[in-house]
Amino acid sequence: IEFFIPQRAVAMTFNRLYNFNLHRSSLNYIKSRMGKYYEETKQLILRSIVEGPLVHADETRANIKGTDGYVWVLTNMRDVVYFVADTREAEIIQNYLIGFTGVLVSDFYAAYDSFDCPQQRCLIHLIRDLNTAVLANPFDEQLKGIAASFSDLLRPIVETVDQRGLKKYFLKKHIKEVDHFYLNLSRVDYKSESALKWKDRLERNQGKLFTFLRYDGVPWNNNNAEHAIKAFARLRDVLEGTSTKKGLEEYLTLLSVCQTCKYMGVDFLDFLRSGEKDIHAFAESRRGRRRRTNSSSPA
């Protein structure tokens, strides 16, 4: 799970180096048992996310025995949890986020529009799409004007984030600049199709592009979820569509534990060896032990 090694390679390596007679079916049985054992851990991770002030969400395709499926990821700054689903419908992830009242950070997938909570759309996605549109329409001066104005708006905001962090006390001063940008956008009589399209997109998402200015600790991009999705993508490359839905769910349970350990600075193997199921409690016990050790050390 941690090193993204296929079961057949693990079996071959152990058999070659240690003269074992280990079959792949034995490894699969171990994986299945551990998936069940850490299902409680996965639920604790999900609860921590739902009860928190922030969640990043993303999804990607999964090959389940030749059938298309989807893997969703929910994450914050210290927890990661993965789920497999048959569809990309919003209802799937809404069921997992029942009771969540924080800020949802996501890309521009329309399914997220139905979530009843404050939302922040990924501005990196927006900038990438806007730059692509400008490159595709090199002679559209109105579109270039929108891109330049948005860049002028975002640049000082990002500088504030770099200097002061994601703190609304320092970011709220930019709210007037955002209002001014939208006022100017509404006053221009755009003629080109691409400029009109981008005016509509910016106005349609007005309440979800700069939410982070009003909250502490809310990023302006969805990099956190994309980083977590990359971990599954590596696992997907290893599985090569050979896993059943049940088998994939077991893998995702263990991947949730592994990635949460990494986010929290906990060694995955140490956690597995401990037999514990609560990563937060395990991490806190380790920190407490280090504090006691340091305080008892001679000056």
Side-chain angles (χ1 to χ4, degrees), residues 1-18 20-46 49 56-86 88 93 96 107 222-277 279 282-283:
I1 298 297
E2 184 172 15
F3 298 113
F4 304 101
I5 302 173
Q7 286 187 19
R8 62 181 179 275
V10 174
M12 289 173 59
T13 301
F14 271 78
N15 292 341
R16 178 69 179 86
L17 295 179
Y18 303 109
F20 283 4
N21 186 24
L22 189 63
H23 294 279
R24 183 178 174 182
S25 59
S26 300
L27 288 175
N28 194 60
Y29 173 71
I30 294 170
K31 183 265 294 182
S32 180
R33 283 187 59 193
M34 292 300 98
K36 293 177 182 176
Y37 184 84
Y38 288 108
E39 179 60 33
E40 180 182 337
T41 305
K42 184 177 180 179
Q43 294 304 316
L44 289 173
I45 295 170
L46 176 61
I49 292 174
H56 293 256
D58 204 355
E59 78 291 328
T60 189
R61 288 185 179 273
N63 184 346
I64 306 171
K65 286 285 188 180
T67 302
D68 282 343
Y70 293 89
V71 165
W72 293 77
V73 62
L74 299 174
T75 178
N76 51 35
M77 298 304 180
R78 62 176 190 172
D79 302 284
V80 186
V81 67
Y82 301 87
F83 300 99
V84 61
D86 295 328
R88 207 179 169 207
I93 208 66
Y96 290 115
D107 58 23
N222 203 28
N223 289 349
N224 200 27
E226 292 188 354
H227 176 76
I229 278 290
K230 287 179 181 178
F232 167 71
R234 292 184 64 188
L235 180 64
R236 179 178 57 195
D237 291 342
V238 169
L239 297 178
E240 297 179 331
T242 61
S243 189
T244 63
K245 184 176 181 180
K246 175 179 176 293
L248 181 56
E249 287 173 343
E250 293 163 354
Y251 273 119
L252 293 180
T253 294
L254 295 173
L255 187 63
S256 299
V257 175
C258 179
Q259 291 301 112
T260 298
C261 282
K262 288 184 178 181
Y263 273 46
M264 295 191 64
V266 170
D267 185 86
F268 182 42
L269 183 57
D270 284 348
F271 179 72
L272 296 180
R273 284 171 167 167
S274 73
E276 297 288 343
K277 293 188 176 181
I279 301 175
F282 179 78

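For the single chain, residues carry numbers from 1 onward in sequence order.
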* Asked: Which residue, N76, N224, I45, forms the side-chain contact (heavy atoms from CB on, under 4.5 Å) with Y263?
  -> N224
* Asked: Hey, what do you get for CZ (F271) to NZ (K277), rounding to the nearest 0.5 Å?
  -> 9.5 Å
* Side-chain heavy-atom pair F268, I1 within 4.5 angstrom cut-off -> yes
* Structure fact -> Closest non-hydrogen atoms of L74 and A57, given as atom of the first, atom of the second and distance, are CD2-CB, 3.9 Å
* Asked: Nearest 0.5 Å, what's the CG-CG distance between L254 and L235?
  -> 9.5 Å
* To do: For R234, enumerate each residue passing the salt bridge (Lys or Arg N to Asp or Glu O under 4.0 Å) test, keeping only those at least two apart in sequence or located in another chain.
  => none
* Provide the closest heavy-atom pair for V266 versus A283 in the form atom of the first, atom of the second, distance. => CG2-CB, 3.6 Å
* To do: Measure the shortest side-chain to side-chain distance between S32 and K246 over non-hydrogen atoms and say whether it is less than 4.5 angstrom.
  => yes
* Structure fact -> Residues passing the side-chain contact (heavy atoms from CB on, under 4.5 Å) test with N28, sequence neighbours excluded, are Q7, K31
* Inspect the contact between K230 and E226 and indicate whether a charged nitrogen and a carboxylate oxygen are less than 4.0 angstrom apart. => no
* Just wondering, are more than 12 heavy atoms of other shown residues or ligands nearer than 6.0 Å to CZ in F4? -> yes
* How many angstroms lie between CG in N21 and CG in N15, if you round to the nearest 0.5 Å? -> 6.5 Å
* Close side-chain approach of H56 to M77, heavy-atom, < 4.5 Å -> yes
* To do: Sequence neighbours left out, what passes side-chain contact (heavy atoms from CB on, under 4.5 Å) with N63? Give chain and number order.
  => none
* **Rounded distance (nearest 0.5 Å) linking atom OH of Y96 with atom CD of Q43** => 8.0 Å
* What pair of heavy atoms forms the shortest contact from G35 to T253, and how long is it? -> O-CG2, 3.6 Å
* With rounding to the nearest 0.5 Å, note down the distance linking CZ in R236 to OG in S243. => 13.5 Å
* How close do D86 and Y70 get, heavy atom to heavy atom, and via which atoms? -> O-CD1, 3.9 Å
* Asked: Does the side chain of L252 come within less than 4.5 Å of F83's, by heavy atoms?
  -> no
* Can you tell if the side chain of L248 reaches within under 4.5 Å of the side chain of V71, non-hydrogen atoms only? -> yes
* Is the backbone of A228 close enough, under 3.5 Å, to the side chain of Y82 for a donor and an acceptor to pair up by distance? -> yes
* Structure fact -> CD (E276) and CG (D270) are apart, to the nearest 0.5 Å, by 12.5 Å
* Find out whether I279 and L44 are in side-chain contact, i.e. whether some heavy atom of one side chain is under 4.5 Å from a heavy atom of the other. => no
* Identify the heavy atoms of D107 and E59 that sit nearest to each other, and give their distance. => OD2-OE2, 4.4 Å
* Any R88 side-chain heavy atom under 4.5 Å of W72 side chain -> yes
* Structure fact -> Sequence neighbours excluded, the answer for side-chain contact (heavy atoms from CB on, under 4.5 Å) partners of T13 is L17
* salt bridge (Lys or Arg N to Asp or Glu O under 4.0 Å): which pairs involve residues 63-84, sequence neighbours left out? -> R61-D68
* Measure from the side-chain N and O atoms of T260 to the backbone N and O of V257, and report whether any donor-acceptor pair falls under 3.5 Å. => no
* To do: Identify, with sequence neighbours excluded, every residue that meets ring pair (Phe, Tyr, Trp, His ring centres under 6.0 Å) alongside Y37.
  => none
